[in-house]
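This report refers to the structure that appears directly beneath it.
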2 protein chains.
Amino acid sequence: MTVPEINSWQSVKAEVMRRIVERTWLPGDLVPNEVDLAEEFGVARATVNRAMRDLADAGLLERRRKAGTRVALNPTRKATLEIPITRLEVEQRGAIWRHAILERKETVTPVVVASRLGLPTNTPMLHVRSLHYANNHPFLYEDRWINISAVKGICDVSFQSIDANEWLVQNATFTRGDISFSAANTTKQEAELLEAGVGAAIFVIDRTTWNGDIPVTAVRLAYAPGYRMHTEI
Amino acid sequence: MTVPEINSWQSVKAEVMRRIVERTWLPGDLVPNEVDLAEEFGVARATVNRAMRDLADAGLLERRRKAGTRVALNPTRKATLEIPITRLEVEQRGAIWRHAILERKETVTPVVVASRLGLPTNTPMLHVRSLHYANNHPFLYEDRWINISAVKGICDVSFQSIDANEWLVQNATFTRGDISFSAANTTKQEAELLEAGVGAAIFVIDRTTWNGDIPVTAVRLAYAPGYRMHTEI
DNA sequence: TAGTGGTCTAGACCACTGT
DNA sequence: CAGTGGTCTAGACCACTAC
């Protein structure tokens, strides 16, 4: 027998995947329950469970109590994106990172930001605009609003030597966030800052984060033209 | 006692998260090992393990054998993106989906596609270009190359009533894929197809998938202006 | 109401890696 | 070498839900 032995949850996962890929189990099919699979593979049910849960998380299986486990009809594959700190992202590309503060002002929430964060319009906020460079070329334009009362000590930070994202990540943990990705044409201002043509297509990330129910920060990240976000599934 | 009882991996996770958020454990700190936490919380070690593994997956903890578990210094939060089937994505927005095939041709691999897939340039491929509509407005322009020998029966499918992505998803499972997201200015052709201005910023997804080591398909998805991809973390 | 997945436990052994 | 996380087991009870 040259058949790989099944004795770990990873090998169970591989075998189940093989059956899906080779169409032994077709999309929509009900697959055997955990007890039967455990017996067939000669492992404990917990081991089968770990493998099946993993595959369900990946979107290849759909599981429901009592109804059992089915091969996903529309395997909505899930891709995991890492949201890195800009400095590290730049450095990982072998470039030298630096950043410059364009503006840093304590003010109250403008309407558009207030509604996005669910805050009253007179909430005191810190508004920081900055530009990140890779090897002295503009890399990212960051426009950030920070809820002062949610982040202790924020007013004493100059952000000259550390960027807002990195400081916040280390000093203001958040529990949940909202991210959207889109494409936009540069405005005149953005074009100048990013040293790009007016109207050039740029990749934009809008992110809002909360700590429990308290809004922490809302930020718009506009990447210089040519930026790609990459992942594997 | 108004303290929430700790008796499940979710409650362990919540308590550990609370300590991170409230800065009882600071970024970079070594946290107690699983045995100690299990004793403190009055649960089994497997339960603690499940919670800690979950937090490590989410990027809040860094774990290494022997070295122990630390609060992540740079919590690279991971966002999970669902890559849906276009028809479902359109229908979920309450719009009516339809699609049109612009071109469908069996040919050999052009150099640029061959190198991306790692195939010789004379490999027989199916080239499909199509346009997806939401409520009769252009929604997505899809330019796809399919490795004929990797997908049995592909040549008999007309893609008139079902789109290529959906057919492939159900008939040609893949084991891994490569996705990148970027922004681009429309070309003249794309602008006409998507009924947008020339140079409008569009959101682009490039995806390549393999089944084991065999390349299956490479596709470029160009979304009409205004498209946003959204997720939560 | 019964079948299925979800989870917990207590104990064990293993794999990796810092010292 | 020894400490830590990674995983497996056997058994148990629970939660959800299709029927």
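So that the names make sense, note that chain A is the first sequence line, chain B the second, and so on, each numbered from 1. Only this structure's heavy atoms are used, side chains among them; waters, hydrogens and symmetry mates stay out.
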(message) Rounded to the nearest 0.5 Å, what separates atom CE in B:M229 from atom CD1 in A:I205?
(response) 8.5 Å
(message) Quick check for you: to the nearest 0.5 Å, what is the distance between A:I233 atom CD1 and B:I179 atom CD1?
(response) 4.0 Å
(message) Show, in sequence, the C-alpha distance, side-chain angles and deciding distance for B:E62 and B:R70, and conclude whether the salt bridge (charged side-chain N to carboxylate O under 4.0 Å, His left out) test is met.
(response) CA-CA 5 Å; B:E62 282 169 7; B:R70 291 177 180 277; over 6 Å; no
(request) Report the C-alpha separation of B:R116 and B:D178 in whole Å, then their side-chain angles, then the decisive distance to 0.1 Å, and conclude whether the salt bridge (charged side-chain N to carboxylate O under 4.0 Å, His left out) test is met. (result) CA-CA 10 Å; B:R116 205 161 104 202; B:D178 212 277; over 6 Å; no
Proximal nucleotide (of [options]) relative to the [X] side chain:
X	options	value
A:T47	D:dT7, D:dC8, D:dG5	D:dC8
B:R65	C:dC16, D:dT9, C:dT7	C:dC16
A:S8	C:dG6, C:dA2, D:dC8	D:dC8
A:R50	D:dT17, D:dG6, D:dT7	D:dT7
B:A44	C:dG18, C:dA10, D:dA18	C:dA10

Spacing between [X] atom [atom1] and [N] atom [atom2], to the nearest angstrom:
X	N	atom1	atom2	value
A:E34	C:dT7	CD	P	11 Å
B:L30	C:dG18	CG	C1'	12 Å
B:R63	C:dA15	CZ	P	18 Å
A:N33	C:dA2	CG	P	17 Å
A:E62	D:dA18	CD	C1'	16 Å
A:M52	C:dT4	CE	C1'	12 Å
A:K66	C:dG5	NZ	C1'	12 Å
A:L55	C:dG5	CG	P	14 Å

(message) Both B:P32 and A:A46 contact DNA chain D. Which one's nearest nucleotide lies toward the 5' end?
(response) B:P32
Which part of the nucleic acid does [X] contact within heavy-atom distance under 4.0 Å: base, sugar-phosphate only, or nothing?
X	answer
B:V43	sugar-phosphate
B:R45	base
A:N49	base
A:Q10	sugar-phosphate

(request) Using only side-chain N and O atoms of B:R64, determine if any of them is under 4.0 Å from OP1 or OP2 of C:dC16. (result) no
(message) Tell me if the aromatic rings of B:F139 and B:Y133 count as close, with their centers under 6.0 Å from one another.
(response) no
